[in-house]
Amino acid sequence: MAFEPSSSSVNPHHRSPEYNALLLAGPRLGPLKQAHARLVVAGHGRSLPLTTKLATLAVAAGASSYAHLLAASHPAPDSFLYCTLTRAAAHRGLPAAALAFYRCLLAAALPFSSFAFTAVAKACADMSALRAGMAMAGEAPDSATFVATLSACAQAGALDLGRELERRIVSERMDMSVFLGAALVNMYVRCGLVNKAREWFDMLQERNVVTWTSMIAGYGMHGHGHDAIKLFHLMRREGPPPNDVTFVAVLSACAHAGLVSEGRDAFATMKTVYGLVPRAEHYCSMVDMYGRAGLLDDAMQFIRDSIPGEPGPEVWTAMLGACKMHKNFNLGVEVAERLIALEPENPSHRVLLSNIYALSGKMNHVEKVRNVMIKRRLKKQIGYSLIEIGGIAHLFRMGETSHPQTRDIYQYLEELICRITDAGYVAETDSVLHELEEEEREFTLRYHGEKLAVAFGLMMSTGSTDPIRIIKNLRICGDCHLAIKYMSAVENREIIVRDKHRFHHFKDGKCSCQEYW
DNA sequence: ATAGGGTTAG
């Protein structure tokens, strides 16, 4: 046992039984309330540090309203308290609570701190509410603020804002830390400009494993598997040692580009050369890689022989996707049933099962699955597509009618559909056939969010040659994929769609994914 | 005494 440094004896509060009780309770509401009671009895109810620690743990326990009560009932809450709670809520994936704590900070006229900003930026990105975040932008932003904001742009796909930040970083000659460099690379990757990301990557003075991994993952996401592998080999020669995350990126890149032998090599290298232990994500990518390539037997054999213990639901989900892609209905049904047994409350498994039944023509089974879903109140996720025009994000759900230019957008789309139909587009009219896992089917395919967003983008930029960029929260459906290919041809425009898993670059009637999604 | 930022699957 190492010698314990004496720093704790300098700060007697570290040893206070109340503080220890809080640490011991951890992020669990019951024990926290007991520790709270003890703290009050001991007469420390007004201690700000203890209140802060207690409230922060309450947020971590998911009890943000309890934390709210604690903060609000303190006679003199400080900026630190609300900054910390903002951060804790954003960290816990509670963006609305994060913004609420930030509002308390503003309402109490407490001094603003860039610590709060980084948390608010994350919260806003989680809610796709970048404009709310930017409406804050207060004190002179520091490097960490830029990193957090770039990260928010990356998540939201907000290219215009990302470019604006880049301009400021360059013009203010900001110190290009390894954090800032990686954030820039990642922003460009996730906003669809993989070449621009590479330019930054090459320019950076300092690159660590995260920078390399971001760039490799970027190539993978854009379907440039060979570039991903090339960069990975360069990394092995000249860069830092790859870590487990790097290998997730490499394997995923192989899966999305059909590079089976390269992926198999990387998986072996990971274990033998770098001594890394594969996790669920790695197994999942391997199964996905075999599955996408149509090697369903290899995928099943990998699951049987190479995955220790019981494979998790992620692995079976990848397998199910492969069954659906390659129309192996019997295996698909078997896998789907296994998945439903593992995760009965997850609606997407049932949607996939119903799709498989639909594809194999067993409509009575489809009905049965849907009835179970209705009975259990399992709802699918709602799909939406975003397009940024002049720095403003426009959101389209299926059959969206709330946009002020709705009438014009639908008219433009109707005309566009006529023109692509003349060019040979035939809608894949059997709707169940195109319904991907979570997509609602109440609205016709004709008015899927991505079609509306593309129509809006084209309508707002006639005469321009800039690519149209769409961000979608779910996977793009087969019919939209087909329609957008035609749209790119008849409009002679590049259309870039980021879906839940990857990028599709549509140009001259073709897509960069080569139907490999 | 309590506090920030960049990477990964389906």
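Remember, predicted model here, so these are calculated numbers, not experimental data.
Closest contact between the side chain of A:T213 and the listed nucleotides B:dG6, B:dG4, B:dT7 involves B:dT7. Between B:dT7, B:dG5, B:dG10, one nucleotide has an atom nearer to the side chain of A:H501 than all others, and that is B:dG10. Closest to the side chain of A:F80, from the set B:dT7, B:dG10, B:dA3, is B:dA3.
Applying the salt bridge (charged side-chain N to carboxylate O under 4.0 Å, His left out) rule to A:D305 yields no partners; only residues at least two apart in sequence or on another chain are considered. Taking A:D244 as the reference, A:R279 meet the salt bridge (charged side-chain N to carboxylate O under 4.0 Å, His left out) condition, with sequence neighbours excluded.
Between A:R92 atom CZ and B:dG4 atom P there is a gap of 17 Å when expressed in whole angstrom units. Here B:dA3 presents its P atom at 13 Å from CG of A:D78, a figure rounded to the nearest Å. In this structure, CG of A:D175 is placed 14 Å from C1' of B:dG5, rounded to the nearest angstrom.
Relative orientation of the A:F247 and A:F232 rings is perpendicular, given thresholds of 30° and 60° on the angle between their planes.
Proximity of residues 271-295 of chain A to DNA chain B (heavy atom under 4.0 angstrom from any strand atom) is restricted to A:R279, A:E281, A:C284, A:S285, A:D288, A:R292. Within residues 249-268 of chain A, the residues having any heavy atom closer than 4.0 Å to DNA chain B are, in order of number, A:S252, A:H256. Within residues 64-72 of chain A, no residue has any heavy atom under 4.0 Å from DNA chain B.
Residue A:N208 is classed as a base contact, given a heavy-atom separation below 4.0 Å to a base. At the heavy-atom level, A:T211 lies under 4.0 Å from base atoms of the strands shown. When heavy atoms are screened at a 4.0 angstrom cut-off, A:M187 is found touching no nucleic acid atom at all. Across all strands shown, A:R502 has no heavy atoms under 4.0 Å from either base or sugar-phosphate atoms. Across all strands shown, A:V185 has no heavy atoms under 4.0 Å from either base or sugar-phosphate atoms. No engagement by A:T51 is indicated, since no non-hydrogen atom pair under 4.0 Å with the nucleic acid exists.
Under 4.0 angstrom from either OP1 or OP2 of B:dG6 there lies no side-chain N or O belonging to A:N186. One finds no side-chain N or O of A:R475 lying less than 4.0 angstrom from the OP1 or OP2 phosphate oxygen of B:dA9.
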Please list, one pair per line, the donor and acceptor atoms closer than 3.5 Å that link side chains of residues 62-80 of chain A to other protein atoms, with sequence neighbours excluded.
residue	atom	partner	partner atom	Å
A:Y66	OH	A:H36	ND1	2.7
A:S73	OG	A:L69	O	2.7
A:S73	OG	A:L70	O	3.2
A:H74	ND1	A:A76	N	3.0
A:H74	NE2	A:R46	O	2.9
A:D78	OD1	A:L81	N	2.9
A:S79	OG	A:P111	O	2.8

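In the interface, the side chain of A:D142 is not paired with the base of B:dG5 through any donor and acceptor atom under 3.5 Å apart. Between the side chain of A:S151 and the base of B:dG5, no donor-acceptor pair of N or O atoms lies under 3.5 Å.
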